[in-house]
Asks: 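Handing you a structure now.
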Amino acid sequence: MTMKIAVLPGDGIGPEIITQALRVLEVLKNEGMAMEFTEAPLGGQAYDQYGHPYPEFTQKICRAADAVLLGAVGGPQYDNLDRPLRPERGLLGIRKDLGLFANLRPAVLYPELANASTLKPEVVAGLDIMIVRELTGDVYFGQPRGMRTNESGEREGFNTMVYSESEVRRIAHVAFDIAMKRGKKLCSVDKANVLETTEFWKEIVIDVAKEYPEVELSHMYVDNAAMQLIRNPKQFDVMVTGNIFGDILSDEASMLTGSIGMLASASLNETKKGLYEPSHGSAPDIAGKNLANPIATILSAAMMLRYTFDNEAAAVRIENAIKKVLAAGYRTGDIYEEGMKRVSCSEMGDQIVASM
Ligand code: IPM
Ligand code: MG
């Protein structure tokens with residue numbers, strides 16, 4: 001069966017890093033893995049071509065695909081557009097449209113890059129956390145929302161934090177399943193001391209836990225979790241949380257590794273269809289200069305092979321190719337250290353393709 005992959009280069013450095021990820025996948029394709037790539041625009045690129053950040057053209061291609069590989073979206077030239085036309089809305093739109101409720105954001109520190117973190121090496125060496133973020137609910141999508149003039153004539157903004165039982169159950173199952181395949185420790189992050197939505201979240205997670213007696217479940221308030229991630233991040237194995245807390249904590253966790261250019265992510269629906277993208281943004285300042293680090297995108301392609309196509313061997317092969325290149329001293333600018341071999345985005349791609 002041919003793997004149908006929608007490719008959305010997006011904005012900024014998106015096209016450059018996607019090019020390198022495709023080169024790595026082409027190695028597998030040339031060896032006989034049946035893959036079909038279809039390109040479509042998303043974000044600012046889509047707005048320029050179609051007047052919408054997630055146009056029908058792209059919707060059709062993504063709905064028909066088994067997996068979507070995305071570069072990045074956004075750029076300063078789009079910041080003043082009406083809210084519904086901004087690149088970020090394209091991203092939120094595709095998540096909702098494809099039902100991508102489970103966002104997996106690994107924060108892994110490669111031993112070769114232990115000095116890249118702003119934290120002491122002994123605090124972060126060997127770090128390997130998986131953040132499971134709910135992605136299609138919470139205050140991001142809750143209704144009603146908007147800006148209005150209230151009864152006393154003052155303007156106000158408002159959003160609704162809401163989670164249904166089925167939404168919490170399905171993300172809890174994803175998190176417990178992942179914990180079972182890792183260190184069997186799951187920390188559910190909430191603000192149950194203040195917010196009913198997350199008190200409810202906690203109650204449901206405790207109920208789902210009955211089906212996973214082997215997993216050690218703990219609970220933490222989000223403010224404490226933010227602190228513990230800096231104080232002693234290695235206490236965590238898998239963390240599960242709602243959309244807004246997950247947005248914030250995953251950025252924090254990524255910086256423990258010091259190299260956001262290395263972190264991949266997967267967003268999955270109920271049928272394991274997934275959108276795969278680097279955790280970093282579109283970096284408009286270095287776009288078009290062949291300076292970006294393509295590794296997060298290449299690792300996202302590896303996650304795609306693992307989670308949507310169940311091909312663990314191919315995923316590991318890509319990950320090992322990257323480890324070899326790092327061990328050999330090749331570094332893009334974002335992870336460069338004295339004494340290493342500084343390479344461009346495409347040269348990093350050359351090295352990884354060669355080490356495949
Ligand atoms: C992320 C980003 C997005 C989010 C923005 C760009 C809409 O910050 O993927 O974490 O808030 O989900
Ligand atoms: Mg974010």
Side-chain angles (χ1 to χ4, degrees), residues 8-14 17-18 41-47 52-54 58 62 68-107 129-142 145 157 159-163 167 171 174 189 222 225-226 229 239-257 259-269 274-285 287 296-297 299-300 303-304 307:
L8 315 182
D11 308 319
I13 58 171
I17 54 184
I18 281 287
L42 186 80
Q45 181 200 25
Y47 173 78
H52 194 278
Y54 182 43
T58 304
C62 293
V68 180
L69 189 62
L70 168 66
V73 298
Q77 69 270 46
Y78 306 110
D79 283 352
N80 294 322
L81 289 176
D82 278 352
R83 199 162 276 278
L85 298 178
R86 290 189 201 157
E88 294 75 15
R89 279 298 171 100
L91 196 53
L92 296 174
I94 192 173
R95 287 173 182 170
K96 197 68 177 174
D97 184 40
L98 303 181
L100 308 172
F101 70 94
N103 184 207
L104 317 185
R105 297 193 166 182
I129 301 175
M130 177 66 91
I131 295 194
V132 179
R133 168 191 178 193
E134 201 290 330
L135 203 59
T136 52
D138 204 349
V139 70
Y140 266 57
F141 292 95
R145 64 188 292 162
N159 290 87
T160 303
M161 181 179 251
V162 56
Y163 265 121
E167 284 177 313
I171 192 71
V174 169
V189 177
V222 62
L229 270 173
M239 302 175 88
V240 63
T241 191
N243 204 343
I244 184 94
F245 297 162
D247 178 43
I248 299 165
L249 292 181
S250 63
D251 262 31
E252 186 187 3
S254 73
M255 253 306 131
L256 299 174
T257 71
S259 51
I260 197 163
M262 301 285 303
L263 299 179
S265 82
S267 306
L268 307 175
N269 76 4
L275 174 113
Y276 298 85
E277 58 176 322
S279 286
H280 58 72
S282 57
D285 52 318
T297 315
L299 286 169
S300 300
M303 283 185 96
M304 174 178 84
Y307 288 105

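Whatever order the structure lists them in is the order used to number ligands and atoms, beginning at 1. Model, not experiment: these values are computed from the prediction.
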Asks: Say you draw a straight line from CG of Leu85 to OH of Tyr47; how long is it, rounded to the nearest 0.5 Å?
Replies: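 Here the rounded value is 6.0 Å.
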Asks: Looking only at distances, please establish whether an N/O atom of ligand 1 is found under 3.5 Å from an N/O atom of Glu88.
Replies: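 Glu88 vs ligand 1: no N/O contact under 3.5 Å.
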Asks: To make sure I understand the geometry: which N, O or S atom in Asp247 is closest to the Mg ion (ligand 2)?
Replies: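 So the atom name we want here is OD1.
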Asks: What atoms of ligand 1 come within less than 4.0 Å of a heavy atom belonging to Arg133?
Replies: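 It comes down to these atoms of ligand 1: 1 (C), 4 (C), 9 (O), 10 (O), 11 (O), 12 (O).
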Asks: Can you check whether Glu277's main-chain N or O pairs, donor with acceptor, with Ser265's side chain at less than 3.5 Å?
Replies: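 Indeed, once roles are kept as given, a pair shorter than 3.5 Å links the two residues.
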Asks: Below 3.5 angstrom, do we get any N/O pair linking Tyr140 and ligand 1?
Replies: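 N/O-N/O distance under 3.5 Å: yes.
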Asks: Starting from atom 1 (C) of ligand 1, what is the nearest protein heavy atom, named by residue and atom, and what distance separates them?
Replies: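 Checked against all protein heavy atoms, atom 1 (C) of ligand 1 sits closest to Arg105 NH2, 3.3 Å.
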Asks: So, the side chain of Thr58 versus the backbone of Pro41: is there a donor-acceptor pair under 3.5 Å, distance only?
Replies: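 Such a contact is found between Thr58 side chain and Pro41 backbone.
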Asks: Answer yes or no: is there a donor N or O on one side and an acceptor on the other, between the side chain of Thr241 and the main chain of Val189, under 3.5 Å?
Replies: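 Here the side-chain-to-backbone pair exists.
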Asks: Under 3.5 Å, is there a donor-acceptor pair between the side chain of Gln45 and the main chain of Asp11?
Replies: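 The answer is no, because no donor-acceptor pair under 3.5 Å joins these two groups.
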Asks: For Leu135, does its backbone N or O pair with a side-chain atom of Asn243 as donor and acceptor, under 3.5 Å?
Replies: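 Answer holds: yes.
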Asks: What is the closest protein heavy atom to atom 8 (O) of ligand 1, and at what distance does it sit?
Replies: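 Of the protein heavy atoms, Asp247 OD1, 3.2 Å lies nearest.
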Asks: May I ask you to identify, for Arg95, whether its side chain, its backbone, both or neither come under 4.0 Å of ligand 1 on a heavy-atom basis?
Replies: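 Answer for Arg95: side chain.
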Asks: May I ask you to check whether Asp251 brings an N, O or S atom to under 2.8 Å from the Mg ion (ligand 2)?
Replies: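 Given the 2.8 Å cut-off, Asp251 does not count as a ligand of the Mg ion (ligand 2).
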